[in-house]
Undergrad: 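One structure, as structure tokens, below. Some questions next.
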Amino acid sequence: PWRKYSLALIIFFIGYFLGSTLGMISAVYNLMDPVGALLSVIIIEILINLRRSFVFNQTKKLLLLIIDFLRIGLIYGFFTEGLKLL
């Protein structure tokens with residue numbers, strides 16, 4: 001089980017990196033704020049729809065874990081980047 005947890009942690013950090021990167025890019029270019037917001041909402045919605053399609057399949061539990069931790073990492077990255085911009 002430690003491999004599953006380490007993979008989940010790595011995926012969480014990748015999601016955090018992507019979320020903070022997108023937040024920094026949209027903060028540097030003030031004209032890209034709506035584009036960055038649209039892109040982040042599209043990514044989060046795609047991950048939610050993927051999770052909804054895999055939730056009833058018992059053989060895809062690892063994929064469900066990866067999707068959940070990527071989504072949590074993205075949201076956490078957006079949140080901390082937003083706090084830095086205040």
Undergrad: To the closest 0.5 Å, what do you measure between CD (E45) and CD1 (I42)?
TA: 9.5 Å
Undergrad: So L9 and F69, do their side chains get closer than 4.5 Å, heavy atoms only?
TA: no
Undergrad: Report the distance from atom CZ of F12 to atom CZ of F17, rounding to the nearest 0.5 Å.
TA: 14.5 Å
Undergrad: Nearest 0.5 Å, please: how far is OG1 in T80 from OH in Y16?
TA: 3.5 Å
Undergrad: Could you work out, with side chain to side chain contact (heavy atoms under 4.5 Å, CB included) as the rule, every residue matching F54, not counting sequence neighbours?
TA: L50, K60, L63, L64, I67
Undergrad: Run the side-chain contact (heavy atoms from CB on, under 4.5 Å) check on L47 and R51 step by step: do they pass?
TA: CA-CA 6 Å; L47 289 174; R51 187 191 191 288; over 6 Å; no
Undergrad: T59: which residues meet the side chain to side chain donor-acceptor pair (under 3.5 Å) condition with it, sequence neighbours left out?
TA: N57
Undergrad: Holding to side chain to side chain contact (heavy atoms under 4.5 Å, CB included), I want the full list of residues that pass it with L18, two or more places apart in sequence or in another chain.
TA: I14, L74
Undergrad: Consider only side-chain heavy atoms of I, L, V, M, F, W and Y, link residues closer than 4.5 Å, and tell whether Y5 and L7 are in one cluster.
TA: no
Undergrad: OH of Y76 to OG of S20: how many Å apart, nearest 0.5 Å?
TA: 11.0 Å
Undergrad: Listed by chain and number, what are the side chain to side chain contact (heavy atoms under 4.5 Å, CB included) partners of K4, not counting sequence neighbours?
TA: L62, L65
Undergrad: Nearest heavy-atom pair of G15 and L70: which atoms, and what distance?
TA: CA-CD1, 3.7 Å
Undergrad: Mind checking what makes side chain to side chain donor-acceptor pair (under 3.5 Å) contact with S53, not counting sequence neighbours?
TA: none
Undergrad: Suppose we screen for side chain to side chain contact (heavy atoms under 4.5 Å, CB included). Which residues come up paired with I75, at least two apart in sequence or across chains?
TA: I44, R71
